[in-house]
Amino acid sequence: MPSLVDLGAERGGLVGLAAAPDGTVGVSVGDRLLPLVDDPIGYLARADAELRPRWVCWTPETAAVLVAHGLRLTTCWDVAAVHRLLFGGWRAEPARIWASLQGLDRRGLPVLGQLDLMGGDGGGDPDAPVRPDGHLRPEFVSGGWWGSPQRAAAWARTAVLAAEVQQSRLAAAKERGEVAGDPLATARAESTAELLCAELAADGLPIDRAAATALVTSIVGPPPSDEAAAASARAERDADVLRHLPPGSGIDLRSPNDVKAMLRRVGIDVPDTRAWRLEGMRDAHPVVDALLRWRKAERIATTFGHLWLAEHVGEDGRLRGAWSASDGAAGRMTAQAGLHNLPAELRPVVKAEPGYVFVRADLGQIEPRVLAAVSGDAALRAATQDDDLYLPVATRLGVERSVAKIAVLAAMYGQTSGTAGQALRGMEAAYPVAIQYLADAARMGQAGISPRTYGGRLVRMGEVQDGDHRGTAAAARGRYARNAMVQGAAAELFKVWAVTVRARMGDLDGRIVLCLHDELLVHVRTEHADDVVALLDRCLHEAAYRWHPTSGVRFVTDTSVVASWADAK
DNA sequence: GATTTCACGTA
DNA sequence: CGTACGTGAAATCC
């Protein structure tokens with residue numbers, strides 16, 4: 001079989017790649033198609049090590065397939081991930097991507113099984129991924145290339161064609177001045193973050209299964225043997241609340257309406273029964289305290305209980321869920337199976353395996369530091385030189401640190417109520433460039449114009465829901481845009497950090513097992529812990545430079561080596 | 001049966 | 001002090 005170099009591939013150059021769960025693999029270099037029939041995984045592994053091309057894939061599915069076969073590629077260009085960057089939003093199916101890149105009418109989007117005038121499939125060569133009308137052939141979109149390495153290679157070729165259009169679109173956005181940063185660099189980092197996501201999903205988060213079962217049992221009882229046992233355990237928990245009420249009141253604690261009516265009967269009138277609203281009313285009636293305790297246990301029982309453990313924690317003690325490198329809004333990573341909203345009380349059961357530790361690092365005060373970078377505010381940049389950014393801000397504003405913190409956050413998030421107004425005016429005087437940056441974003445949002453983050457992600461203003469009764473839809477869009485410019489840029493920097501750590505891990509053999517917006521958790525053999533601590537810091541500096549070479553902003557990490565996730569901080 | 005609302009955990 | 005996400009159960013819509 002010819003090597004990629006024989007086909008004309010260059011180091012770091014685009015090489016198309018399609019890999020199906022059934023093992024079908026095809027690659028493409030320029031117009032050359034290469035079906036891989038004999039040990040395709042071995043071929044890809046050698047090519048990745050020797051040439052390190054930028055593998056171009058339609059979707060993260062490709063990476064998932066390869067990881068399942070034990071292959072972890074170095075870098076990629078994920079067409080779906082870049083599509084989200086370019087166009088915003090979440091939907092990124094190949095047919096839709098292709099249509100938007102080729103300027104095709106979306107109403108003509110191919111649908112599998114749809115008949116048309118050409119007699120079923122749009123006509124033309126059924127082995128070609130592109131129909132005569134320019135749209136992708138629906139059979140290819142839905143996996144029609146599986147089983148045929150030849151068709152896989154042709155499919156890979158279309159991914160490269162899409163990637164090339166994406167590159168010119170990103171470059172054009174930069175030239176038009178729509179993007180302050182380097183959108184091509186963002187696209188590469190966002191793509192490689194998808195590789196990391198595939199690995200996170202495969203590796204899972206180490207859990208002490210026995211400790212987890214014991215903890216859940218202490219809160220909701222042992223795993224029920226049948227539905228009757230589950231019902232009686234539920235009734236037992238309910239009884240702790242109901243005993244504070246007249247017998248036979250027939251309250252369903254799981255029904256907010258019932259609970260609201262019940263509270264009114266004991267003299268507590270509330271618009272809703274949310275915990276923060278009831279928090280201060282624990283003394284009003286003993287049922288309030290009982291209800292709030294019940295809610296906490298109920299959360300464990302329903303969402304993080306025995307069922308959850310059985311469903312998401314494997315025999316090997318790994319908690320696994322699907323990961324996405326970007327949500328549909330500002331572009332933060334998302335995770336399922338509760339990985340991103342694990343209650344703090346469950347963190348003690350997140351434990352490193354014997355002979356291993358966690359190196360846990362989070363970015364300190366990431367959002368104001370990112371604001372300093374993307375806005376270019378010299379005074380705020382100066383404040384980032386301090387370990388605690390809020391101290392110099394407090395000095396400059398002439399207020400307490402706590403007030404300074406509220407003022408900074410209020411400015412970034414578009415506070416509409418509260419008492420930070422005075423300090424906010426101080427912010428305008430002290431950090432005019434940063435405040436102007438935020439005001440510009442808010443104004444665009446209010447006007448319904450979609451802004452781009454520093455790295456180039458389009459933040460779509462179409463689908464912002466009306467922020468309840470606190471203001472108009474325009475005000476809600478303003479807050480959304482203001483927040484997304486900071487949150488989104490922070491997500492971009494975070495992902496550059498994460499993929500840099502992944503790339504530089506080398507022989508230390510550590511694995512990133514959790515990404516939590518500003519926090520990385522690395523599982524590594526104990527003897528390499530100190531090296532990983534140093535690596536995380538080194539990679540942050542490298543990432544900050546790659547992300548924004550001239551910002552002059554100082555970023556800081558809080559890093560610790562721990563046996564359990566709960567031991568950190 | 002599908003969608004929306006409420007509630008609550010994380011950042 | 002705002003935004004976003006995932007989740008489960010009830011309420012509501014069709």
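Chain A is the first sequence line, chain B the second, and so forth, proteins listed ahead of strands; every chain is numbered from 1.
Comparing C:dC5, B:dC8, C:dT3 against the side chain of A:Arg479 picks out C:dT3 as the nearest. Of the candidates C:dT3, B:dA7, C:dA4, the closest approach to any side-chain atom of A:Thr273 belongs to B:dA7. Among the nucleotides C:dT7, C:dA10, C:dA4, the one closest to the side chain of A:Arg254 is C:dA10. Picking from B:dA7, C:dC1, C:dG2 the nucleotide with the shortest atom distance to the side chain of A:Gln487 gives C:dG2. Checking C:dG2, C:dA10, C:dG6 against every side-chain atom of A:Asp252, the shortest atom distance belongs to C:dA10. When distances run from any side-chain atom of A:Leu516 to the nucleotides C:dA4, C:dC1, B:dA11, the shortest one goes to B:dA11. Looking at the side chain of A:Ile406, the nearest of the listed nucleotides C:dC1, B:dT10, B:dC8 is C:dC1. When each of B:dA11, C:dC1, C:dT3 is scored by its nearest atom to the side-chain atoms of A:Asn483, the top-ranked nucleotide is C:dT3. Closest approach to the A:Arg274 side chain among C:dA9, C:dT3, B:dC6 is made by B:dC6 (side chain taken as heavy atoms from C-beta onward). The A:Thr302 side chain lies nearest to C:dA9 when the options are C:dA9, B:dT10, B:dC6.
Heavy atoms of A:Arg482 sit nowhere under 4.0 angstrom from any nucleic acid atom. Nucleic acid contact for A:Arg347: sugar-phosphate only, since backbone atoms but no base atoms lie under 4.0 Å from a heavy atom of the residue. At the heavy-atom level, A:Leu339 lies nowhere under 4.0 Å from the strands shown. Counting non-hydrogen atoms under 4.0 angstrom, A:Ala335 reaches the backbone sugars and phosphates but no base. A:Ala275 comes within 4.0 angstrom of the backbone, heavy atoms only, and of no base.
Using modelled atom types and a 3.5 Å distance limit, the side chains of A:Thr453 and A:Glu492 yield a donor-acceptor pair.
Rounded to a whole Å, the CZ atom of A:Phe304 is 13 Å from the P atom of C:dG6. Distance A:Leu438 CG to C:dT3 P: 14 Å, rounded to the nearest Å. We find that CG of A:Asp258 is positioned 7 Å from P of C:dA11, with the value rounded to whole Å. Rounding to whole angstrom units, CG of residue A:Asn341 and C1' of B:dA7 are separated by 13 Å. Between the C1' atom of C:dA10 and the CE atom of A:Met262 lies a distance of 16 Å, rounded to the nearest Å. Atom P of nucleotide B:dA11 and atom CE of A:Met412 are separated by 16 Å, given to the nearest angstrom.
Phosphate proximity of C:dG8 to A:Arg299: absent, as no side-chain N or O sits under 4.0 Å from OP1 or OP2. OP1 or OP2 of B:dG9 lies within a sub-4.0 Å distance of a side-chain N or O belonging to A:Lys296. The side chain of A:Ser255 places an N or O atom within less than 4.0 Å of a non-bridging phosphate oxygen (OP1 or OP2) of C:dA11.
With hydrogens and angles disregarded, no donor-acceptor distance shorter than 3.5 Å links the side chain of A:Trp90 to the backbone of A:Arg84.
Relative orientation of the A:Trp497 and A:Phe494 rings is perpendicular, given thresholds of 30° and 60° on the angle between their planes.
With hydrogens and angles ignored, a donor-acceptor pair closer than 3.5 Å exists between the side chain of A:Arg332 and the base of B:dA11.
Under a cut-off of 6.0 angstrom, the local environment of CD in A:Glu400 is sparse, with at most 12 non-hydrogen atoms contributed by other residues, nucleotides or ligands.
Interatomic distance, CH2 of A:Trp294 versus CZ of A:Arg254, reported as 4.5 Å (0.5 Å rounding).
Using a 4.0 Å cut-off between charged side-chain N and carboxylate O, A:Arg332 and A:Asp327 make no salt bridge.
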